[in-house]
Undergrad: 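I am attaching a structure below and will ask some questions about it afterwards.
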Amino acid sequence: MSNQEQNSPVLEIRSLSKKFVKPLDFAGKIAQKLGSNIREEVVHAVDGVSLHVNKGEVVSLVGESGCGKSTLGRMVAGIMPPTSGEILYKGQNIASLTGEDAREVALKVQMIFQDPFASLNPRLRVRDIIGEAPLVHKLTTAAEQDDYLDDVMLRCGLDPSYKRRYPHQFSGGQRQRLGIARALAVQPDFIVCDEAVAALDVSIQAQILNLFIKLREDLDLTYLFISHDLGVVEHISDRIVIMYLGRVVESAPTEELFAKPNHPYTQALLREIPRLDARHADFTPIEGEIPSPLDPPQGCHFHPRCPFATDRCRQEVPQLKSVAPGHMSACHLNEG
Amino acid sequence: MAAAVQDDGINPWRTFASDFAEKKLAVLGLIVFVALIAAAIFAPWITPQNPYDLNQIDFLDGRLEPGSVGSQITYWLGTDDQGRDLLSGIFYGLRTSLAVGAASTLIALVLGGALGLFAAYFGGRVDTLIMRIADLQLSFPAILIALILVSALGQGVDKVIISLVAVQWAYYARTIRGTALVERRKEYVEAATCLAISHRRIVFKHLMPNCTPPLIVVGTVQVAHAISLEATLSFLGIGVPITEPSLGLLIKNGFDYMLSGDYWVSFYPGLALLITIVSINLVGDQLRDVLNPRLKK
Ligand SMILES: Nc1ncnc2c1ncn2[C@@H]1O[C@H](COP(=O)(O)OP(=O)(O)O)[C@@H](O)[C@H]1O
Ligand code: SF4
Ligand SMILES: [Mg+2]
């Protein structure tokens with residue numbers, strides 16, 4: 001805690017929630033009027049999540065598919081509004097900003113997407129994909145746009161002479177670099193990477209991860225890194241936050257999490273990572289299916305799959321509590 | 001711009017053209033259609049006579065058989081009851097028919113396309129309102145709505161176009177909405193939102209270009225539909241005015257003489273209408289196959 005600047009959160013989330021409501025269709029409404037107990041389908045994709053990311057940090061958000069990671073990332077990036085809760089950028093509540101201030105903060109938080117194909121508009125040339133936003137927001141002028149783009153493209157390892165090409169003329173890894181260049185072109189300082197390497201070949205994953213690390217050093221970036229795979233984020237994260245069915249179950253500095261995982265779910269996730277030194281050891285995937293988010297289990301969401309579950313787990317939601325400095329976990333086992 | 005083409009690698013237009021040319025019948029349809037358009041555009045310069053200039057018409061040449069030699073010219077397709085050269089009449093009629101078909105299709109496409117895009121992008125009430133009206137309208141036969149509108153608005157080329165637009169916009173709205181609902185969920189739209197690009201720009205610059213291929217297919221087929229709707233209205237005598245006759249009106253004018261054996265007065269305009277509609281449909285069908293990625297190998 002020596003340097004105040006280093007430890008002030010760039011981004012802070014306070015009990016953020018997102019519910020998706022699928023309205024009843026016409027037949028459903030009539031059935032409901034007639035006394036049937038049909039109800040609207042509600043998915044509580046993100047359920048009261050709080051977390052913070054300090055300047056220069058890489059925080060990873062990890063959990064199985066469908067646990068609400070992308071939804072959280074989209075809310076942080078301003079793509080969809082939260083149902084409740086607050087998002088603070090450098091201490092300012094994003095929802096309270098309007099006009100020019102809102103736009104400025106919106107540009108400071110950018111997102112890199114999972115799908116290197118769907119995330120690039122197939123009808124636009126590279127120069128428009130990367131160059132549209134900086135031009136619209138007057139970060140550059142039409143006359144200087146070429147130099148501006150050359151600079152961004154070089155930084156991302158792209159050949160600037162490809163400016164007139166269309167996305168389909170690039171490989172998956174290059175397309176992901178295009179997505180990164182598009183985000184960097186508006187000079188952000190916080191980046192949400194949503195499974196940004198999951199769709200790539202393993203050899204290319206490493207290149208893109210290295211690019212992220214290099215860009216962080218060059219441009220003073222702060223990352224929220226989303227992944228379903230603990231192994232992918234191990235070497236780039238300062239801290240890891242584990243999510244299960246919309247809730248945070250554990251958060252700790254990376255080394256501590258790998259050395260002393262507290263939550264039974266985290267322990268199970270760690271057992272799933274294939275280790276070089278344990279290639280022939282028994283591989284035990286987590287028992288049981290992920291419960292339906294439409295109808296999550298009572299109490300601790302993890303209890304149907306947890307080997308230590310007790311009656312209390314089936315009824316009472318465990319709260320996130322500190323188990324060591326900087327290490328939080330939400331499990332009843334911690335209360336003896 | 002030779003360098004630019006090289007830089008692009010594959011030229012999407014060339015691929016498109018060679019895919020289209022795979023079906024010979026479609027190429028034939030395209031050639032005929034282009035020829036018809038040329039005939040319509042250049043009618044005043046290529047027809048033997050201006051059938052609406054009274055000085056050029058000899059009333060005594062009324063209802064001459066095809067191939068007859070008149071006082072000034074040979075009537076290859078015969079003449080009508082006023083002594084007008086039918087071939088010239090058909091070229092001029094094509095002019096009106098194609099113009100009405102193209103204008104109404106274009107306006108309906110722009111209007112319906114924009115409404116469908118808004119419906120898909122904004123969703124919620126905007127969507128419900130626009131699509132309810134479209135569904136309601138599509139549940140009635142097109143000709144019925146056109147008939148009611150034309151009788152309410154009165155005669156005139158502009159009134160016919162307005163009615164055809166009112167009948168057709170819903171097809172485009174529905175088509176583009178379906179595509180746009182899929183496109184809107186793609187990550188490139190989220191990326192644009194994240195980059196604080198305005199709604200207007202997202203709709204027109206990002207969403208629209210990705211939703212137009214199916215619209216082009218529907219548009220081509222709808223030109224044929226508009227032309228036949230207009231022909232029906234004119235045949236019923238409530239379409240275009242007598243001063244600017246379309247193919248439909250020519251058919252109507254000759255229809256009375258069908259039974260007395262002077263078939264050509266009605267038959268040749270009818271044939272021209274048929275060829276027009278078939279050629280457009282051939283082009284439209286092939287466009288649908290070429291532009292539908294699911295059918296591509
Ligand atoms: N736009 C949406 N409308 C309705 N439900 C959604 C939407 N986006 C996500 N969901 C639901 O929210 C839950 C979490 O999804 P997501 O955030 O994509 O999870 P993850 O990224 O962890 O795989 C899932 O059950 C998903 O079906
Ligand atoms: S609270 Fe109970 S069910 Fe949940 S992880 Fe802890 S022991 Fe398992
Ligand atoms: Mg996801």
Side-chain angles (χ1 to χ4, degrees), chain A residues 23 70 73-74 76-80 100 102-126 128-137 139 161-170 175 178-179 182-186 188 191-192 194-195 199, chain B residues 1-16 117 121-125 127-128 131-132 135-136 176 179-216 291 293 296:
Chain A
S70 295
R74 289 195 182 102
V76 169
I79 292 168
M80 57 170 61
E100 196 61 24
R103 198 184 69 172
E104 212 161 280
V105 170
L107 292 182
K108 285 293 173 201
V109 182
Q110 284 303 311
M111 184 149 170
I112 314 285
F113 297 88
Q114 170 168 9
D115 186 338
F117 288 86
S119 61
L120 301 175
N121 187 337
R123 302 265 161 177
L124 293 186
R125 291 176 197 272
V126 166
D128 294 317
I129 289 175
I130 305 177
E132 179 186 23
L135 207 57
V136 166
H137 299 300
L139 297 170
S161 67
Y162 290 167
K163 265 189 289 235
R164 292 186 51 82
R165 292 200 176 185
Y166 286 97
H168 72 259
Q169 297 171 268
F170 293 87
R175 289 167 143 261
L178 287 174
R182 173 178 59 190
L184 291 185
V186 295
I191 305 226
V192 179
D194 186 4
E195 309 261 14
Chain B
M1 296 298 275
V5 172
Q6 219 169 33
D7 189 17
D8 284 340
I10 324 159
N11 182 340
W13 283 107
R14 191 164 299 166
T15 324
F16 175 76
L117 270 180
Y121 183 71
F122 292 107
R125 293 222 180 117
D127 188 22
T128 313
M131 294 326 289
R132 279 285 146 79
D135 286 343
L136 186 74
I176 202 167
T179 323
L181 278 180
V182 176
E183 289 296 323
R184 178 183 89 110
R185 293 191 179 280
K186 292 203 176 154
E187 287 172 347
Y188 71 84
V189 176
E190 293 191 336
T193 312
C194 192
L195 291 164
I197 307 283
S198 66
H199 290 311
R200 189 177 52 85
R201 246 185 122 84
I202 293 179
V203 169
F204 291 111
K205 194 141 185 261
H206 292 263
L207 219 42
M208 195 175 75
N210 286 292
C211 300
T212 39
L215 210 59
I216 294 169
L291 291 174
K296 281 221 181 108

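Please read all numbers here as calculations on a predicted model, not as lab measurements. Because only heavy atoms are used, hydrogens play no part in the values below, and waters and symmetry mates are left out as well, while side chains stay in. To find a chain, count down the sequence lines: A is the first, B the second, and so on, and within it residues start at 1.
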Undergrad: Go through A/R103, A/Q110, A/M111, A/M80 and name the one with the most non-hydrogen pairs under 4.5 angstrom from chain B.
TA: A/Q110

Undergrad: Could I get the full list of side-chain hydrogen bond (donor to acceptor under 3.5 Å, both in side chains) partners for B/R201, not counting sequence neighbours?
TA: A/E132

Undergrad: Would you name the heavy atoms of B/N210 and A/N121 that are closest together and state the gap between them?
TA: ND2-OD1, 2.9 Å

Undergrad: Of all residues at least two apart in sequence or in a different chain, which pass the side-chain hydrogen bond (donor to acceptor under 3.5 Å, both in side chains) check with A/D194?
TA: A/S70

Undergrad: Please flag which part of A/L124 lies under 4.5 Å from any non-hydrogen atom of chain B: side chain, backbone, both or neither.
TA: side chain

Undergrad: To the nearest 0.5 Å, tell me how far A/I129 CD1 sits from B/H206 NE2.
TA: 9.0 Å

Undergrad: Drop me the distance from B/Y188's OH to A/R182's CZ, to the nearest 0.5 angstrom.
TA: 11.0 Å

Undergrad: Please name the pair of heavy atoms, one in B/T193 and one in A/G78, separated by the smallest distance, quoted to 0.1 Å.
TA: CG2-O, 4.4 Å

Undergrad: At a 4.5 Å cut-off on heavy atoms, which part of A/R74 comes close to chain B: side chain, backbone, both, or neither?
TA: side chain

Undergrad: Where do B/C194 and A/A77 come nearest, in terms of heavy atoms and distance?
TA: SG-O, 3.6 Å

Undergrad: Please report the shortest heavy-atom distance between B/K186 and A/A118, naming the atom on each side.
TA: CB-O, 4.1 Å

Undergrad: Would you name the heavy atoms of B/A196 and A/H137 that are closest together and state the gap between them?
TA: O-CE1, 3.1 Å

